[in-house]
Amino acid sequence: MNLAPYSFFTVASTKPPIVQFNSVGHKDSWRNITETGEFVVNIGTETLIDPINATSESFPYEIDEFTQAGMNPHDSDVLAVPRVAEAPIAFECVKHTIVEMGNCSLVFGRVVNVVVASAVLAEDGLPDFSKVAPPTRLGRSEWGLAPSTVTRVRP
């Protein structure tokens with residue numbers, strides 16, 4: 001099974017809900033998505049930095065990356081492909097479009113289900129950033145840890 005951290009991940013659309021990530025080259029995730037039409041974007045926590053980083057190794061296709069990283073697959077609610085059991089948030093997606101751009105593939109996926117662990121929810125039922133504490137890959141071997149946050153009411 002393939003498990004890859006994608007630092008080039010963001011929201012592309014809210015209606016319909018579409019996320020995107022950038023794959024440099026045609027890696028295992030690209031191959032799996034083109035073959036199955038499904039993928040999961042898992043949101044990790046600071047405590048998962050080492051296992052997340054371990055998945056960035058270029059493993060042969062037949063190697064189970066969940067086992068290599070010490071993480072566990074969990075059945076997705078809607079898809080046939082698994083999500084990461086340890087990740088508190090998972091976006092289950094079906095392929096929308098893949099755009100080839102230079103040496104990269106920009107992968108768009110329509111979100112068909114979102115799983116959020118109750119442990120990371122705030123009182124209003126939405127994820128609490130401080131509880132999720134998602135790390136960010138900055139480049140080279142550097143990772144950013146969840147910074148302090150401020151609240152501003154939107155006009």
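Considering only heavy atoms from C-beta on, His74 stays 4.5 Å or farther from Val115 through its side chain. Proximity of Ser29 to Lys27: side-chain heavy atoms (C-beta onward) are nowhere separated by under 4.5 Å.
Arg152 meets the salt bridge (Lys or Arg N to Asp or Glu O under 4.0 Å) test with no other residue; sequence neighbours excluded. Under the rule for a side-chain contact (heavy atoms from CB on, under 4.5 Å), the partners of Ala54 that lie at least two apart in sequence or sit in another chain are Ala69. Thr67 is linked by a side chain to side chain donor-acceptor pair (under 3.5 Å) to nothing, counting only residues two or more places apart in sequence or in another chain. A search for side-chain contact (heavy atoms from CB on, under 4.5 Å) contacts involving Glu46 returns Ala133, Leu145, Ala146, not counting sequence neighbours. Among residues two or more places apart in sequence or in another chain, the side-chain contact (heavy atoms from CB on, under 4.5 Å) test is passed with Thr47 by Thr45. The salt bridge (Lys or Arg N to Asp or Glu O under 4.0 Å) test applied to Glu35 returns no partner, not counting sequence neighbours. Under the rule for a side-chain contact (heavy atoms from CB on, under 4.5 Å), the partners of Thr36 that lie at least two apart in sequence or sit in another chain are Glu38, Val81.
Applying the side-chain hydrogen bond (donor to acceptor under 3.5 Å, both in side chains) test to every pair with at least one member in residues 127-136, sequence neighbours left out, gives these pairs: Asp128-Ser130. Residue pairs that meet the salt bridge (charged side-chain N to carboxylate O under 4.0 Å, His left out) test with at least one member in residues 138-147, sequence neighbours left out, are Arg140-Glu142.
For Val11 against Thr14, the heavy-atom pair with the smallest separation is CG1-CG2, 4.4 Å.
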Atom pairs and distances, donor-acceptor, side-chain atoms in residues 89-98, under 3.5 Å, two or more places apart:
| residue | atom | partner | partner atom | Å |
| --- | --- | --- | --- | --- |
| Glu92 | OE1 | Asp77 | N | 3.4 |
| Glu92 | OE1 | Val78 | N | 2.8 |
| Glu92 | OE2 | Asp77 | N | 2.8 |
| Glu92 | OE2 | Asn113 | ND2 | 3.4 |

